[in-house]
Amino acid sequence: MSSASILYKCIVLYCAVSRSWALNANAINLKTYSPVAAGLPTPDDISSHVSELTRASGKSRSRAFINALQSKHRSTATTALNSVLNGQVITTNIKFGSKSFSAVVDTGSSDTWLAHSNFQCIDPSTSLNVTRSQCAFGPTYDISKSFRAIKNENFNVSYLDGEYLNGYMGHEYVSIADINIKNQEVAIVDEAAWLGDGVSSGLVGLAFPGLTTSFAGTNPLTDNVNFTITYSPIFTSMTKQHLVAPMFSIALGREKTPSMMAFGGVPPVPHSKSFARSPLQILAVNPTEGTPMFTFYTITVGGVSYSVATDAPISYGKWQNPFAANSSFQVSIDSGTTFIQMPTSIAEAVNGLFDPPAVFDDDQGAYVTECTAKVPQFGVQIAQRMFNIDSRDMLLQSDGLDAGKCITGVSDGGDGPYFLGDVFLRNVVAVFDVGASEMRFASRLD
Ligand SMILES: *[C@@H]1O[C@H](CO)[C@@H](O)[C@H](O)[C@H]1NC(C)=O
Ligand SMILES: *[C@@H]1O[C@H](CO)[C@@H](O)[C@H](O)[C@H]1NC(C)=O
Ligand SMILES: *[C@@H]1O[C@H](CO)[C@@H](O)[C@H](O)[C@H]1NC(C)=O
Ligand SMILES: *[C@@H]1O[C@H](CO)[C@@H](O)[C@H](O)[C@H]1NC(C)=O
């Protein structure tokens with residue numbers, strides 16, 4: 001991708017506060033609170049509703065633009081990652097009405113939106129109006145006959161990488177992986193500060209209703225983060241309309257292996273027979289009702305393990321570092337984030353084991369080393385099973401780096417939140433079993 005890529009789609013409203021939420025959740029032991037009687041897991045059978053995923057690869061943005069964005073981020077002291085990586089945005093086809101569009105697949109947010117054909121593009125670094133082409137969307141949406149606008153509501157979202165969107169809400173026929181959803185609430189964007197990839201026209205948000213970001217009224221300037229309107233995102237609607245079993249799955253491939261998303265089952269890719277199972281966790285309390293609610297796909301990992309390059313994969317039980325068995329922490333599974341974002345001490349230690357060692361590059365907001373570097377072993381432990389990250393996923397090409405330099409797959413998540421992004425997802429079949437309130441992971445075998 002370029003392009004322009006969208007690397008860190010976590011929405012500000014929740015990412016920024018999720019740390020205190022997590023602390024709160026610990027204090028009142030929400031981790032063990034089960035808000036809904038979890039149902040039985042949906043069998044991990046091959047689904048008939050599979051969507052092929054594509055890596056967008058649009059044209060690159062100017063360095064000046066990216067630099068401007070980065071300096072803005074530095075001043076806000078977020079750990080935003082703005083590197084322009086190649087081929088890192090995952091997209092799917094989605095139909096609004098009878099027209100098909102390409103949209104970013106994001107398990108870290110909940111709204112599904114497309115840019116309207118007359119949208120205003122805004123430069124995220126200056127907030128000035130710029131020409132539409134600068135937002136680099138694919139084909140944009142014209143209101144279809146089946147679209148019904150919702151009066152007196154507006155869509156307003158900011159992502160941690162500096163992008164933001166304003167628009168309005170409506171109901172539309174939405175179809176994805178041959179599943180036809182009636183009356184789906186969607187957002188239509190009429191103002192966008194966006195770093196597009198030249199291919200995708202919007203985004204498909206697959207997280208829980210607790211993360212929807214629509215607001216009462218038509219003036220975005222009066223929106224109060226504490227009063228979002230909760231509605232059913234597309235996956236919730238699919239299950240409410242009994243179109244699929246309450247589970248979806250994602251398998252991201254590399255250059256020569258397929259990337260797929262499946263609903264109600266798993267995609268047809270080779271994987272280990274058994275799945276590691278980990279309960280989904282609650283990070284937040286519904287601000288209006290005071291009840292615990294799911295937001296992101298968050299689990300607790302048992303720890304991570306790393307060592308200098310060896311041929312032998314790390315197995316569970318052979319802990320080789322201080323973050324072994326007893327260093328559990330929470331991570332969210334996020335297809336809209338490129339990297340594995342870890343606590344600082346882990347990111348530093350792993351990056352120090354590249355040969356030559358990877359060094360934090362302020363311009364990139366990421367660790368950088370030679371593309372030919374020897375890669376350390378790195379594994380994430382989930383439910384007493386070690387998921388090793390393939391060395392091919394640990395070095396990523398990016399525009400704007402000196403020749404021969406690469407960004408590493410493990411980045412510094414500071415004080416959190418932490419994520420298992422695409423670098424991790426390429427190594428597994430990830431099952432998001434909402435009905436059973438759990439995540440399952442099998443190792444990918446192709
Ligand atoms: C930017 O564009 C919006 C929407 O087209 C318009 O309402 C606004 O006046 C423009 N702002 C400037 C400063 O031109
Ligand atoms: C809503 O959008 C406006 C205009 O982009 C922005 O200034 C404001 O911060 C946004 N509010 C929320 C709650 O996202
Ligand atoms: C939202 O709620 C928090 C916690 O109650 C409060 O500190 C904050 O000021 C509120 N924000 C707005 C914009 O009302
Ligand atoms: C983990 O912590 C528990 C309780 O503090 C301790 O009994 C156990 O030995 C620790 N395990 C490891 C592998 O350090």
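Remember, it's 1-based here, ligands and their atoms both numbered in the order they're listed.
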Notebook entry, point to check: Can you find a protein heavy atom under 4.0 Å from atom 2 (O) of ligand 1?
Noted result: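 Yes, there is one.
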
Notebook entry, point to check: Is atom 14 (O) of ligand 1 in close reach of the protein, with a heavy atom under 4.0 Å away?
Noted result: yes

Margin query: Side chains of D412 and T344 only: does a donor on one sit below 3.5 Å from an acceptor on the other?
Written below: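 Yes, T344 and D412 have a side-chain donor paired with an acceptor closer than 3.5 Å.
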
Check: With a 6.0 Å cut-off on ring centres, are F248 and Y297 close enough?
Finding: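 Yes - the distance between ring centres of F248 and Y297 falls below the 6.0 Å cut-off.
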
Check: Is it true that F339 and F419 have ring centroids separated by less than 6.0 Å?
Finding: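 For F339 and F419, the ring centres are not under 6.0 Å apart.
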
Next item on the list: Indicate yes or no for a side-chain donor-acceptor contact from S332 to the backbone of D334 under 3.5 Å, with no hydrogens or angles considered.
Entry: no

Margin query: Tell me the nearest of L221, N156, N166 to atom 5 (O) of ligand 2, using heavy-atom distances.
Written below: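 Of the listed residues, N166 has the closest heavy atom.
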
Margin query: Starting from atom 9 (O) of ligand 1, what is the nearest protein heavy atom, named by residue and atom, and what distance separates them?
Written below: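 For atom 9 (O) of ligand 1, the nearest protein heavy atom is N129 ND2, 4.8 Å.
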
